[in-house]
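The structure appears below as structure tokens.
These numbers come from a predicted model, not from an experiment.
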Amino acid sequence: IVGYGLVALVVFVGPMASLIVGSVTDGSGLTGRHYAFLLERQLEGASYQTLPWVAIRNSLLFGVATLAVAVPMGVVISVVTARAGRAGAVVDALAMLPLAVSGVVFGIGLLRGLVFGVSLPGGWRFQVTGAVAIVAAHAVAAYPFVTRNVAPALGGLDPRLADAARSLGATRLRALLDVELPLVAAALVAGAAFAFAISVGEFDSTVLLAEGVDSYTMPVALERYIGNRSLGPNLGPATAMGSVLLAVTAASFLVIDRVGGRWER
């Protein structure tokens, strides 16, 4: 087990270290020109170009919006999974389907359906585009990670705790919010951190759903900075953008953990 753990650590740390080193080096040694490119693009780039701050801002906003959707979804499914016996197992299996579906497939499904619009009776047309469609795709990709963290924790609680709260007059929802969720706060925070990270790093569905010049994210910007592959890749700016993405994701984990730790106390 230790050997597999070390191999997994090397497999993860190696590419990350290569990314960071590549962002501050070129063929002649240390350099800051890759980050200077990002700064110059932000300060002098045209509105139709990929601006680093716009990508960072969008990733953070989409991540927060994803939390607002994915965490309640994950909690509701966790409650059903933990309390519904055999039916809960079926719900859990169905709820995990997004893990088996590629983001590209889901993105195309959204394009074919909600983005292009669905005709309703009476001549109405239901259509979801732009940021809303992106957040929907991110939330579907993220909520299974909330469920996978929260459901086992809820299942491990003594059901008499909720029963005691209800005997004192609390509703089922109030017992969940005031008694059960505080007891599984660590699992809920872990699920929220994973959901946020999934949103920030999501590329497959985002690149299909991003429209115009204002809805691209850091992964999409990273792909655009690679350059024209027919002329040879330019990995310098992409590695710089990737390092920024890595830093933002790590900082987000720390913030969510710190905020969640306060709530748990």
Side-chain angles (χ1 to χ4, degrees), residues 11-12 14-27 31-66 98-99 101-112 115 129-142 194-252:
V11 170
F12 172 77
M16 295 303 99
S18 175
L19 174 71
I20 295 172
V21 171
S23 71
V24 294
T25 59
D26 58 12
T31 181
R33 66 186 182 89
H34 304 320
Y35 290 97
F37 169 86
L38 297 184
L39 181 60
E40 180 182 357
R41 175 58 62 87
Q42 177 60 43
L43 295 177
E44 302 179 6
S47 59
Y48 61 83
Q49 294 179 309
T50 304
L51 305 180
W53 168 244
V54 175
I56 295 171
R57 179 201 66 194
N58 288 343
S59 291
L60 294 176
L61 291 177
F62 293 157
V64 172
T66 297
L99 297 178
V101 178
S102 168
V104 172
V105 174
F106 187 71
I108 293 176
L110 276 177
L111 280 176
R112 181 65 182 83
V115 175
T129 61
V132 176
I134 293 174
V135 170
H138 288 194
V140 169
F194 276 112
F196 190 87
I198 291 296
S199 174
V200 171
E202 172 61 33
F203 172 77
D204 294 343
S205 60
T206 309
V207 74
L208 292 175
L209 298 173
E211 59 181 18
V213 296
D214 295 324
S215 56
Y216 53 84
T217 60
M218 285 188 284
V220 176
L222 189 156
E223 192 276 337
R224 293 178 181 177
Y225 288 152
I226 290 177
N228 190 337
R229 292 167 180 76
S230 64
L231 302 177
N234 181 14
L235 293 181
T239 56
M241 193 70 225
S243 297
V244 173
L245 172 59
L246 181 63
V248 170
T249 304
S252 301

Assess the residue pair M218 and I56 against the criterion (side chain to side chain contact (heavy atoms under 4.5 Å, CB included)); give the C-alpha distance rounded to whole Å, side-chain angles, the decisive distance to 0.1 Å, and a yes or no. CA-CA 6 Å; M218 285 188 284; I56 295 171; 3.7 Å; yes

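The distance from atom CG of D26 to atom NE2 of H34, rounded to the nearest 0.5 Å, is 5.5 Å. From S215, atom OG reaches atom CG of L61 across 12.0 Å, with rounding to the nearest 0.5 Å. Considering CZ of F62 and OG1 of T206, their distance stands at 8.0 Å, rounded to 0.5 Å. Distance CD/E44 to CD/Q49: 10.0 Å, rounded to 0.5 Å.
Residues S205 and H138 form a side-chain contact, since some pair of their non-hydrogen atoms from C-beta on lies under 4.5 Å apart. Side-chain contact check for F196 versus L60: some heavy-atom pair is nearer than 4.5 Å. Side chains of R41 and L51 form a contact here, defined as non-hydrogen atoms less than 4.5 Å apart.
In this structure, T66 and S199 approach most closely via the heavy-atom pair OG1-OG, 3.2 Å. Of all heavy-atom pairs spanning S59 and P219, the tightest one is OG-CD, 4.2 Å.
By the side-chain hydrogen bond (donor to acceptor under 3.5 Å, both in side chains) test, T50 pairs with R224, sequence neighbours left out.
Judged purely by atom type and a 3.5 angstrom limit, N58 uses its side chain to pair as donor or acceptor with the backbone of Y216.
By the 6.0 Å contact criterion, OH on Y35 is enclosed, its count of non-hydrogen atoms from other residues, nucleotides or ligands being greater than 12.
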Contacts table for residues 236-249: side-chain donor-acceptor under 3.5 angstrom, sequence neighbours left out:
residue : atom : partner : partner atom : Å
T239    : OG1  : G22     : O            : 3.4
T239    : OG1  : L235    : O            : 3.1
T239    : OG1  : G236    : O            : 2.6
S243    : OG   : S23     : OG           : 3.4
S243    : OG   : T239    : O            : 3.0
T249    : OG1  : L245    : O            : 2.8

